[in-house]
Enquirer: 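What follows is a single structure, and I will ask about it in a moment.
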Amino acid sequence: MVEGAAGPATNTGVMPAMNETISTEVDADIGLILCDNPPVNALGHAVRDGLVKALDTLVADERVKAIVLACAGRTFFAGADITEFGKPRREPFLVQVIAALERSPKPVVAALHGTALGGGFEVALGCAFRVGVPKARMGLPEINLGLFAGAGGTQRLPRLVGPAKALELVLSGKPVDAAQALALGILDAVIDAEPLVAGRLFARRVIDEKLSAIPVRDRDDKLAAVRTDPAAFDVLAEKLTGKLEGQAAPAANVASIRRSFTLPFDAALAEDARANAELMAGSQSRALRHLFFAEREAAKIPGLPANVEPRKVGQVAVIGAGTMGGGIAMSFAEAGFPVVLIDATQEALDRGIDRIRGNYATSLKRGSLSQAELDRRLALISGAADRHAAKDADLVVEAVFEDEALKREIFAELEAICRPGTILATNTSALDIDAIAAVLARPEDFVGLHFFSPANVMKLLEVVRGASTGAAAIVTAMSIGRKIGKVPVVSGNCDGFIGNRMVAKRSAQVDLLLQKGALPSEVDAALKSFGFPMGPLAINDMSGLDIGWSIRKRRGTPFPVADAICERGWLGQKTGRGYYRYEAGDRTPLPHPEVEQLIVEISARLGIERRPIERAEMIERMLYPLINEGARILEEGIASRASDIDLVWINGYGWPRWTGGPLCYADEIGLGTIVDRLQAFAADTPSDPTLKPAALLRDLAGQGSTFAEWQKSRSGA
Ligand SMILES: NC(=O)c1ccc[n+]([C@@H]2O[C@H](COP(=O)([O-])OP(=O)(O)OC[C@H]3O[C@@H](n4cnc5c(N)ncnc54)[C@H](O)[C@@H]3O)[C@@H](O)[C@H]2O)c1
């Protein structure tokens with residue numbers, strides 16, 4: 001061990017090492033432990049082992065009176081090493097490291113910067129003191145992976161902030177910033193300095209002012225109040241988890257926080273370990289971890305030359321100030337991009353801008369947007385009734401009517417107006433993007449950017465790669481998608497792309513279920529019971545039934561029930577009637593007896609004897625055919641990964657996250673079961689040959705394999 005002033009905290013630091021990730025130093029009477037494990041100082045085995053050894057070394061050093069724990073690089077420990085999940089555990093476990101820090105006879109000061117999340121935050125909670133730099137953020141996001149903070153986080157946090165606040169924090173999974181953490185009593189100080197310097201400054205105070213260092217586990221003042229009125233905690237828990245039915249992790253988080261004031265610390269910790277291991281082994285956490293990796297994978301685009309850099313995007317233009325164009329403009333403004341919104345006429349433009357103002361005014365009233373932020377966003381959005389206003393744009397997103405000839409005309413003109421290198425994108429839902437690209441001299445700069453409605457809210461962005469879309473356009477589209485907070489997924493060019501092509505298979509089954517005996521409310525209730533926030537028919541009513549009707553006419557695939565409803569002029573919420581009935585100014589779906597009668601008549605006309613249909617059968621009929629279509633989409637290379645398809649459904653169609661998306665769910669059910677059921681459906685409905693199991697699905701089922709294994713074998717992992 002070498003003495004002397006601590007060097008700068010860099011990833012190439014030269015402090016003497018416990019191992020390749022942890023080093024120590026002694027500066028007069030302050031011991032320093034520095035972790036340098038790029039990129040995010042994840043708490044893998046080497047780090048944990050090094051921490052215990054470093055602590056032992058400094059505790060044994062007589063000169064040391066207080067210890068600072070800090071990290072090099074961009075963040076304090078950002079969490080557990082997620083790649084160790086599912087592998088054999090190796091000691092020292094995180095709980096043991098934290099216990100060692102907490103029982104250290106010399107007070108340990110954690111110096112936080114960057115994002116101290118999950119296990120990283122739990123390490124800090126095990127220290128006697130915590131200081132943060134002003135930009136530090138911290139929290140326990142385990143719920144997002146279907147878990148709770150299993151290394152004592154849910155026992156220590158309530159001791160600092162009280163069980164009620166702790167519950168809010170763990171159920172939201174969102175981090176707090178340094179100022180909030182200071183106000184809540186999580187941090188002892190916020191110090192604007194390099195983390196090591198901040199830690200040392202506070203350690204100086206600890207030594208000189210003999211600050212009392214009570215281990216967090218031994219603090220009881222914030223718990224005592226709750227013990228006198230535990231019912232208030234239950235009321236809060238009910239309020240916060242009421243809508244999270246069917247999910248295991250929220251209830252487990254509540255139960256763990258409750259243990260903080262009902263059980264002794266060690267007993268609570270032991271029960272936490274058992275309960276978290278159960279969650280970890282369960283299908284929900286597995287599905288949520290799958291999605292965590294899926295998002296990282298989706299960023300890798302096969303078949304591109306190496307080192308293609310995204311083009312710089314400053315100014316954005318959106319053509320078409322309707323429902324989608326307005327939402328798309330809002331997404332860009334929210335992320336700080338100046339946007340010019342262009343429509344054909346001043347009236348249409350004014351309507352579009354008014355709708356944006358109206359949306360923002362609603363958010364302001366609800367308290368989800370401040371006046372300052374509203375002003376900032378509106379100032380970024382300008383309007384024009386002339387396409388030449390797009391001339392300085394680096395990216396143009398077209399969202400005019402779904403009319404191929406109109407779109408072709410617009411892009412031909414845009415190519416002349418905009419400078420070479422501008423990315424030209426269409427938000428078409430289902431048109432052939434190669435047919436649009438055919439009018440362009442630079443089709444390599446043309447790409448599909450398929451947003452979902454409402455475009456300022458929905459996370460999914462399908463990046464549609466046409467036959468001549470260039471690498472730079474794809475990479476730029478993916479990069480800009482992430483910058484505006486979307487989850488971009490690459491799709492090949494086909495009718496409906498990934499998501500809507502699969503939805504069409506579900507819609508056909510929904511119509512069939514209505515013909516065979518179900519009523520709209522039963523169909524919707526079935527998918528809601530699976531975890532979708534809304535049923536497919538209530539969604540159709542919301543979007544307008546005429547959209548699907550015109551697509552079916554174009555494809556030549558009539559749906560007896562849906563078409564009959566449209567023919568009567570019942571087009572959903574906008575006409576006050578659709579599958580359901582709506583009172584003026586109210587979006588609540590009410591039973592629509594005339595539709596129910598119409599459905600019964602259609603069954604009779606088709607010679608179908610209506611029968612009661614079990615909820616489980618309805619779910620299988622709605623989900624398995626879309627899974628089957630997902631397999632075809634993989635066979636054709638429209639999606640390059642099974643997990644990309646899962647992301648599409650999770651982020652664009654309300655598929656419940658905790659089941660991991662359609663193909664992850666199919667793996668869980670077993671592909672053999674899916675194939676058997678599809679064969680039964682195909683035999684029952686010979687008019688629909690697409691119900692026959694796809695070759696890929698059949699093959700994988702035959703081998704006893706899964707979509708996940710198929711994906712792994714292709715990526716060579
Ligand atoms: N509504 C959805 O749920 C949804 C979802 C994804 C994609 N899309 C696609 O987005 C596009 C727009 O859909 P929408 O629902 O916003 O339609 P919309 O009818 O609400 O808006 C279309 C806008 O385009 C404008 N427009 C028409 N011709 C124009 C021209 N020549 N120049 C400039 N502006 C012109 C219209 O005035 C109108 O404001 C379509 O291609 C649609 O398929 C829609």
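Counting starts at 1 for both ligands and their atoms, in listed order.
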Enquirer: Under 4.0 Å and counting heavy atoms only, is there anything from the protein next to atom 17 (O) of ligand 1?
Expert: no

Enquirer: Measure the acute angle between the ring planes of Tyr582 and Tyr580, then classify it against the limits of 30° and 60° as parallel, tilted or perpendicular.
Expert: perpendicular

Enquirer: Less than 3.5 Å between some nitrogen or oxygen of Thr428 and one of ligand 1, yes or no?
Expert: no

Enquirer: To the nearest 0.5 Å, what is the distance between CZ on Arg377 and OG on Ser331?
Expert: 9.5 Å

Enquirer: Before giving the answer on side chain to side chain contact (heavy atoms under 4.5 Å, CB included), spell out for Glu583 and Thr588 the whole-Å C-alpha distance, their side-chain angles and the decisive distance to 0.1 Å.
Expert: CA-CA 8 Å; Glu583 300 287 357; Thr588 317; over 6 Å; no

Enquirer: Does a donor on one side chain and an acceptor on the other come within less than 3.5 Å for His290 and Asp646?
Expert: yes

Enquirer: Taking a cutoff of less than 4.0 Å between a non-hydrogen atom of the residue and any ligand atom, is Ala399 in contact with ligand 1?
Expert: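 It does, in that a heavy atom of Ala399 comes within the 4.0 Å cut-off of ligand 1.
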
Enquirer: Please walk me through it: do Leu380 and Val339 pass side chain to side chain contact (heavy atoms under 4.5 Å, CB included)?
Expert: CA-CA 6 Å; Leu380 285 167; Val339 195; 5.6 Å; no

Enquirer: Please determine, by modelled atom types, if Asp432 and Asn493 share a side-chain donor-acceptor pair under 3.5 angstrom.
Expert: yes

Enquirer: Among all protein heavy atoms in this structure, tell me which lies nearest to atom 19 (O) of ligand 1, with the distance rounded to 0.1 Å.
Expert: Phe401 CE2, 3.4 Å

Enquirer: Using a strict 4.0 Å cut-off to heavy atoms of Gly320, name the atoms of ligand 1 that fall inside it.
Expert: 24 (O), 25 (C), 34 (N)

Enquirer: Examine Arg296 relative to Phe292 and say whether NZ or CZ is less than 6.0 Å from the centre of the six-membered ring and inside a 45° cone about the ring axis.
Expert: yes

Enquirer: Of the protein's non-hydrogen atoms, which lies at the shortest distance from atom 43 (O) of ligand 1, and what is that distance?
Expert: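 Ranking protein heavy atoms by distance from atom 43 (O) of ligand 1, first comes Ser429 OG, 2.7 Å.
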
Enquirer: Any idea which atoms of ligand 1 are less than 4.0 Å away from a heavy-atom of Ala348?
Expert: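 Contacts of ligand 1 toward Ala348, numbered from 1: 37 (O).
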
Enquirer: With distance as the sole criterion, is a donor-acceptor pair present between the side chains of Glu398 and Thr426 under 3.5 Å?
Expert: yes

Enquirer: Side chains of Ser643 and Gln711: donor-acceptor distance under 3.5 Å anywhere?
Expert: yes

Enquirer: What residue and atom, counting heavy atoms only, is the protein's closest point to atom 6 (C) of ligand 1, and at what distance?
Expert: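 I find the closest protein heavy atom is Phe451 O, 3.2 Å.
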
Enquirer: Around atom 23 (C) of ligand 1, find the nearest protein heavy atom and jot down its residue, atom name and distance.
Expert: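 Nearest protein contact, heavy atoms only, for atom 23 (C) of ligand 1 is Gly322 N, 3.7 Å.
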
Enquirer: Which residue owns the protein heavy atom closest to atom 14 (P) of ligand 1, what's the atom, and how far is it?
Expert: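 Checking every protein heavy atom, the shortest distance to atom 14 (P) of ligand 1 gives Met324 CG, 3.8 Å.
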
Enquirer: Closest by any non-hydrogen atom to atom 36 (C) of ligand 1: pick that one out of Asp386, Asp403, Asp343.
Expert: Asp343

Enquirer: Considering only the protein, which heavy-atom contact is closest to atom 3 (O) of ligand 1, and what is its distance?
Expert: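 Among all protein heavy atoms, the one nearest atom 3 (O) of ligand 1 is Ser453 CB, 3.3 Å.
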
Enquirer: Would you mind running through ligand 1 and noting each atom that sits below 4.0 Å from a heavy atom of Ala321?
Expert: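 Within the 4.0 Å cut-off of Ala321, ligand 1 contributes 39 (O).
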
Enquirer: Output the list of atoms in ligand 1 that are nearer than 4.0 Å to some heavy atom of His450, sorted by atom number.
Expert: 6 (C), 7 (C)

Enquirer: Backbone, side chain, both or neither: what part of Lys407 comes under 4.0 angstrom of ligand 1, heavy atoms only?
Expert: side chain

Enquirer: Would you kindly specify which portion of Phe452 sits under 4.0 Å from ligand 1, judged on non-hydrogen atoms: side chain, backbone, both or neither?
Expert: neither

Enquirer: What's the shortest distance from atom 30 (C) of ligand 1 to any protein heavy atom, and which residue and atom give it?
Expert: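 Here the nearest protein heavy atom works out to Ala344 CB, 3.7 Å.
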
Enquirer: Tell me the closest heavy-atom pair linking Ile619 and Phe530, and the distance in Å.
Expert: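 Heavy-atom minimum between the residues: CG2-CD1, 4.0 Å.
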
Enquirer: Considering Ile551, Asn427, Ile547, Leu349, which one's heavy-atom position lies nearest to atom 9 (C) of ligand 1?
Expert: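 Ranked by closest heavy atom to atom 9 (C) of ligand 1, first place is Asn427.
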
Enquirer: At a non-hydrogen distance cut-off of under 4.0 Å, which region of Leu406 contacts ligand 1 (side chain, backbone, both, or neither)?
Expert: side chain

Enquirer: Against heavy atoms of Ile319, which atoms of ligand 1 measure under 4.0 Å?
Expert: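 Answer for ligand 1: 33 (C).
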
Enquirer: Please name the pair of heavy atoms, one in Val523 and one in Ala518, separated by the smallest distance, quoted to 0.1 Å.
Expert: CG2-CB, 3.8 Å

Enquirer: Any nitrogen or oxygen of Ile410, side chain or backbone, less than 3.5 Å from one on ligand 1?
Expert: no

Enquirer: Do Asp524 and Met534 touch side chain to side chain, with heavy atoms closer than 4.5 Å?
Expert: no

Enquirer: Taking the six-membered ring for Trp, are Tyr653 and Phe532 closer than 6.0 Å centroid to centroid?
Expert: no

Enquirer: Just need the protein heavy atom nearest to atom 31 (N) of ligand 1, so name the residue and atom and give the distance.
Expert: Arg387 NH2, 3.3 Å

